[in-house]
Protein chains: 2
Amino acid sequence: MEASTTGGSQTLLRGLDILEAVGRGPLLLDALAAELGLTKSTTHRLATTLVERGYLSSAPRAGYRLGPRLLDLGSRAQRQIDLIQVARPHLEALATLSGDTVHLGVRSDDSALYLDKIPGNRRIEISSRVGDRHALTTTGLGKALLLDGDARSWKALLAAEGAKGDRTAWLERMRGYADAGHAFDLEENEDRIRCVAAPIRDASGAITAAISVSSAAQYMKDDRMAALAADVRRTAATIGAGLGWHVD
Amino acid sequence: MEASTTGGSQTLLRGLDILEAVGRGPLLLDALAAELGLTKSTTHRLATTLVERGYLSSAPRAGYRLGPRLLDLGSRAQRQIDLIQVARPHLEALATLSGDTVHLGVRSDDSALYLDKIPGNRRIEISSRVGDRHALTTTGLGKALLLDGDARSWKALLAAEGAKGDRTAWLERMRGYADAGHAFDLEENEDRIRCVAAPIRDASGAITAAISVSSAAQYMKDDRMAALAADVRRTAATIGAGLGWHVD
DNA sequence: TCCTCTCGTCTCATAATATGGGACTAGACA
DNA sequence: TGTCTAGTCCCATATTATGAGACGAGAGGA
């Protein structure tokens, strides 16, 4: 077995070897086996698995070539990398403009995963960090991620998160947020902390991420939240445009 | 074990499942395991293997995300698909212009692999086909693929292919071809068949493929070959431009 | 038309690897 | 300092992957 620091998975490594060998140029089965030091049947089995999942294509006597799934994953990888890079300058601008803490996050399972954070310039710090997972139904950013959902899925999440408080009022506010294109956290997630958030859409129009501005309640009176909402929606739309989103 | 028509490799399938799950959005280890119905240790082992090879990235508490290797393979996949698509209309035009058979090929191991073929309009057919592998040192297309090599690598190939004939003369002709940017087959590969070929360069300037025009010797007198060489070089350059190549 | 060759497909006894329970470690927070 | 979350690692055992090589398909030459 090939030496590896963690005793990695030999079969998976061989599959990846096949992808990289074919990445250097199309290959027939015997040539691929020879290049990787594998037998023909092992190579055939692994290559067939990769063809079935779309990572390779093959044609009689034309051998193996890279397949469409790699185009898809390549562009998804580009987008995952892009999101943070594209967003960062806009988040910094918004933090400067607002003076408050700005977050970028995505939905991961049934929580909000924080990918980036720009601190504000106030003495009060928001105690979040990159890598945190937070509730969807109580954080502003979490609610922004849910805006394209419907009442049924929202109710399911409320139940799953064991949310306290008046669910009817919560649903009513969510409908308003969905109409407005932004979401608020009115000290629901954390005492004395309020938040304005908006979703980021990708080229297909789907919500792919969200941003938020959080601060102590004393800096987040109702009229300031309304004003900030426009800034946050605009920043989210600018980031979305950088990812290929268009308002039509 | 998951049902599969060919009993595909479960471990490789699980690795691909991980890539696709992460392709839908960054995930922490436990979430990834739960989504795929795997145990934490199995998921960890497979994910670590993918991280080590660059297919995934990970950061403490930020979970797993798609890695740079997928950008690389995604663009290689794009190029492999592009080459045939970009080249086809140009090959057709050249076949119409010349009336002769046109081939597109790449180097695969130590042979020329034919990827596309456009028949000419003459009664005489060239008996090649897509998927064929041919010698590098005797076919025009093969020699075009070698033009950036040096005398030492050419001699090694001559020895490996057990080439007949005057090697000193062959090397002298190759130097001339390298200077001219095209290559000829003067009935070396097949009696009575002559060929004019030129290399296609990619965005990095490297030879990535080659094209050739082949015909019966009676249609390929020395003066016509010289005239055709310009057309073939121009077509190869146009295809290369479509792949991002620039003459600087 | 038949024989030969190349390339890919498939089986299954056996060898070898992958699995997963769960203890452990690191880092962060109250 | 204690608790919690997330990731790391071990190893007895279960399970999968392996690979030798027979076979089939398709193409070309005599």
Side-chain angles (χ1 to χ4, degrees), chain A residues 1-15 17-18 26-34 36-52 56-64 108-109 111 113-114 117 125-134 190-191, chain B residues 1-15 17-18 26-34 36-52 56-64 108-109 111 113-114 117 125-134 190-191:
Chain A
M1 193 194 289
E2 181 182 84
S4 163
T5 51
T6 61
S9 167
Q10 174 180 262
T11 304
L12 178 53
L13 286 169
R14 285 177 166 178
D17 286 342
I18 289 173
L27 286 170
L28 298 175
L29 185 67
D30 277 345
L32 183 53
L36 300 179
L38 299 176
T39 60
K40 200 170 67 176
S41 35
T42 298
T43 306
H44 181 258
R45 189 185 321 104
L46 296 171
T48 300
T49 301
L50 290 164
V51 168
E52 286 177 353
L56 292 180
S57 298
S58 73
R61 295 184 184 279
Y64 293 96
S108 177
D109 298 318
S111 55
L113 176 68
Y114 284 19
K117 174 187 180 183
E125 286 260 347
I126 306 296
S127 65
S128 58
R129 67 188 64 246
V130 169
D132 278 355
R133 290 161 79 95
H134 287 273
E190 206 165 337
D191 266 349
Chain B
M1 191 193 292
E2 182 182 84
S4 162
T5 50
T6 61
S9 167
Q10 173 179 264
T11 305
L12 179 52
L13 286 168
R14 284 178 166 179
D17 286 341
I18 289 174
L27 287 169
L28 299 173
L29 185 67
D30 277 345
L32 184 50
L36 301 180
L38 298 175
T39 60
K40 201 171 67 179
S41 34
T42 298
T43 304
H44 180 258
R45 189 186 324 107
L46 296 171
T48 301
T49 302
L50 291 164
V51 170
E52 285 176 353
L56 292 180
S57 296
S58 74
R61 294 181 184 284
Y64 293 95
S108 176
D109 300 316
S111 54
L113 177 67
Y114 283 23
K117 175 187 178 182
E125 285 259 346
I126 305 296
S127 67
S128 59
R129 67 189 66 247
V130 170
D132 277 356
R133 292 163 78 97
H134 286 273
E190 205 166 338
D191 266 350

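None of the values given here were measured: they were computed from a predicted structure. The sequence lines fix the lettering, A, B, ..., with proteins before strands; numbering per chain opens at 1.
Residue L28(A) has its side chain nearest to dG8(C) when only dG8(C), dG19(D), dG20(C) are considered. Among dG20(C), dT18(D), dG8(C), the nucleotide with an atom closest to any side-chain atom of L29(A) is dG8(C).
Atom C1' of nucleotide dA18(C) and atom CD1 of I18(B) are separated by 13 Å, given to the nearest angstrom. What separates CZ of R45(B) from C1' of dG22(C) is a distance of 14 Å, to the nearest Å. Distance CG (L32(A)) to P (dC7(C)): 14 Å, rounded to an integer number of Å. Atom NZ of K40(A) and atom P of dG21(D) are 12 Å apart (whole Å). Atom CG of D30(B) and atom P of dG7(D) are 7 Å apart (whole Å). When the P atom of dT18(D) is taken as reference, atom CD of Q10(B) falls 12 Å away, rounded to whole Å. In this entry the distance linking NE2 of H44(A) with P of dC10(C) reads 7 Å, nearest Å. We find that CG of L13(B) is positioned 18 Å from P of dT15(D), with the value rounded to whole Å.
Between R14(A) and the phosphate of dT18(D), there is a side-chain N or O to OP1/OP2 separation shorter than 4.0 Å. OP1 and OP2 of dA17(D) both lie 4.0 Å or more from every side-chain N or O belonging to T42(A).
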Test log, rule side chain to side chain contact (heavy atoms under 4.5 Å, CB included), inputs R45(A) and T42(A): CA-CA 5 Å; R45(A) 189 185 321 104; T42(A) 298; 4.3 Å; yes
Could you walk me through whether R14(A) and L36(A) pass the side chain to side chain contact (heavy atoms under 4.5 Å, CB included) check? CA-CA 8 Å; R14(A) 285 177 166 178; L36(A) 300 179; over 6 Å; no
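Heavy-atom minimum distance, L38(B) versus T43(B): CB-OG1, 3.3 Å. Heavy atoms only, all atoms of each residue included: A47(B) and L56(B) are closest at O-CD1, 4.2 Å.
Judged by distance alone, with hydrogens and angles left aside, S41(B) brings a side-chain donor or acceptor within reach of the base of dG20(C), the pair sitting under 3.5 Å.
Mapping G63(A) and T11(A) onto DNA chain C by nearest heavy atom places G63(A) closer to the 5' end of the strand.
A donor-acceptor pair under 3.5 Å is formed between the side chain of T49(B) and the backbone N or O of S9(A).
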